[in-house]
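Data block below; observations after.
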Amino acid sequence: MTPCEQLVMKHDQIPVERRVVLRLALALGAAAAVHMIAADPAGTPVRPGGEPPAPAPAAGPPAGAQAGPGSYRLRPMTSNTPARFRPAPPPVRTRPFEKLPEPGSDAMVLSFDDGPDPRYTPDILATLRRYGVRAMFFVCGEMAADNPDLLREMADDGHVVGNHTWSHPLVPKLSRGAIREELGSTSEVIERTLGAPPLWYRAPYGAWNRNSFEIGAALGMEPMAWTVDTLDWTTPGTDTIVRRVEKGAAPGVVVLSHDAGGNRSQSVAALRRYLPALIGRGYRPTVPHRS
Ligand SMILES: [Zn+2]
């Protein structure tokens, strides 16, 4: 990056951060002090993998957003929230969370990426509802924009709606500006639909980089990876998915599955089996404190 670009970037970040602080204050209310309850977890370093192979580069800007690319940066700030109630943005991490910070002995997280997809997400929501369980959904902006009702259903059921970029790119291959577009436009569609921006994001393919940590933090989000990868996108069979979840179950683990991106009927069927099994073993699927 040239010195000129750095200057432009610094100048550009200021309104983004201020905007995020205001939005967080609005979303969380006056009394909510936003702090993670634990320090950065010890996990494996930034690495790719864990999700389907990266697709060919998408052509053109994200499509389907009511607000065009970049418009989220141009919105006027209209909040009257007093300065003393504005929580600080999260710190810039050097690695994502991979487990629940300081979980109880029975806590686990189920997470579903790439949706919402009207073919599979409703079944997953129905199963979670049947057992009164909350989960994390890392949605793609282009899917969220097409399925706002499903996004609202997630939020209404108490699930965490996280940011999984707009078009599911391989983030380290993107410019800093493009990463900001991918994450910013997705946060924008989530906020427009749910009334509050997301507090968590997950890099597609688990491919994080420093720019994504910095931009995610500036947008008010913490990075969440996973502990147990079901590899459900390879359609290994429902039995195999169930076995991977049950074998990987342990306090604080985060399970990765998908509710979109291909045929996810095995993921849907597996949840119906492993969720009651986990509960039967005493686990309590939940979501992180920050939500
Ligand atoms: Zn994904």
Side-chain angles (χ1 to χ4, degrees), residues 43-44 46-58 62-65 95-98 109-121 123-125 135-147 150-151 154 159-174 178-179 181-187 189-190 198-209 211-213 215-216 219 221-236 241 244-245 248 253-268 270-271 287-288:
T44 53
V46 174
R47 81 294 183 244
E51 278 205 304
R95 62 185 60 170
F97 289 85
E98 294 181 338
V109 173
L110 304 179
S111 65
F112 301 90
D113 286 12
D114 300 359
D117 185 325
R119 294 171 296 177
Y120 309 108
T121 307
D123 283 332
I124 287 174
L125 287 170
M136 301 183 86
F137 286 86
F138 289 93
V139 301
C140 287
E142 61 186 359
M143 301 295 284
D146 287 345
N147 299 284
L150 285 173
L151 215 63
M154 291 172 181
H159 302 304
V160 171
V161 178
N163 183 329
H164 196 44
T165 73
W166 187 271
S167 62
H168 210 275
L170 196 53
V171 166
K173 288 190 174 296
L174 300 183
I179 295 171
E181 286 292 344
E182 284 279 344
L183 289 174
S185 57
T186 302
S187 285
V189 75
I190 292 171
L199 301 179
W200 294 92
Y201 73 106
R202 174 177 284 168
Y205 316 103
W208 311 83
N209 69 358
N211 280 337
S212 68
F213 289 127
I215 294 165
L219 289 168
M221 300 185 291
E222 289 277 24
M224 176 61 85
W226 57 85
T227 328
V228 175
D229 191 348
T230 64
L231 295 170
D232 59 338
W233 59 272
T234 66
T235 57
I241 297 172
R244 284 173 180 158
V245 174
V253 307
V254 177
V255 176
L256 168 64
S257 303
H258 296 82
D259 61 328
N263 186 332
R264 300 295 178 242
S265 51
Q266 292 180 3
S267 312
V268 169
L271 176 66
V287 292

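All residue numbers in this chain count up from 1 along the given sequence. As the structure is a prediction and not an experimental result, all values here were calculated from the model. As the structure lists them, so they are numbered: ligands from 1, and atoms in each ligand from 1.
Relative ring orientation between Trp208 and Phe213 is described as parallel, the plane-to-plane angle staying below 30° on a 0-90° scale split at 30° and 60°.
At least one N/O/S atom of His164, from backbone or side chain, sits under 2.8 Å from the Zn ion (ligand 1).
Shortest distance from the Zn ion (ligand 1) to Asp114 is reached at OD1 (N/O/S atoms only). With respect to the Zn ion (ligand 1), His168 has NE2 as its nearest N, O or S atom.
Not counting sequence neighbours, the partners of Val254 by the side-chain contact (heavy atoms from CB on, under 4.5 Å) test are Val109, Ser111, Arg202, Met224, Trp226, Thr227.
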Exercise. Are Thr165 and Val171 close enough, and set up right, to give a side-chain contact (heavy atoms from CB on, under 4.5 Å), and what steps lead you there?
Worked result: CA-CA 9 Å; Thr165 73; Val171 166; 4.2 Å; yes

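With hydrogens and angles disregarded, no donor-acceptor distance shorter than 3.5 Å links the side chain of Asn163 to the backbone of Pro198.
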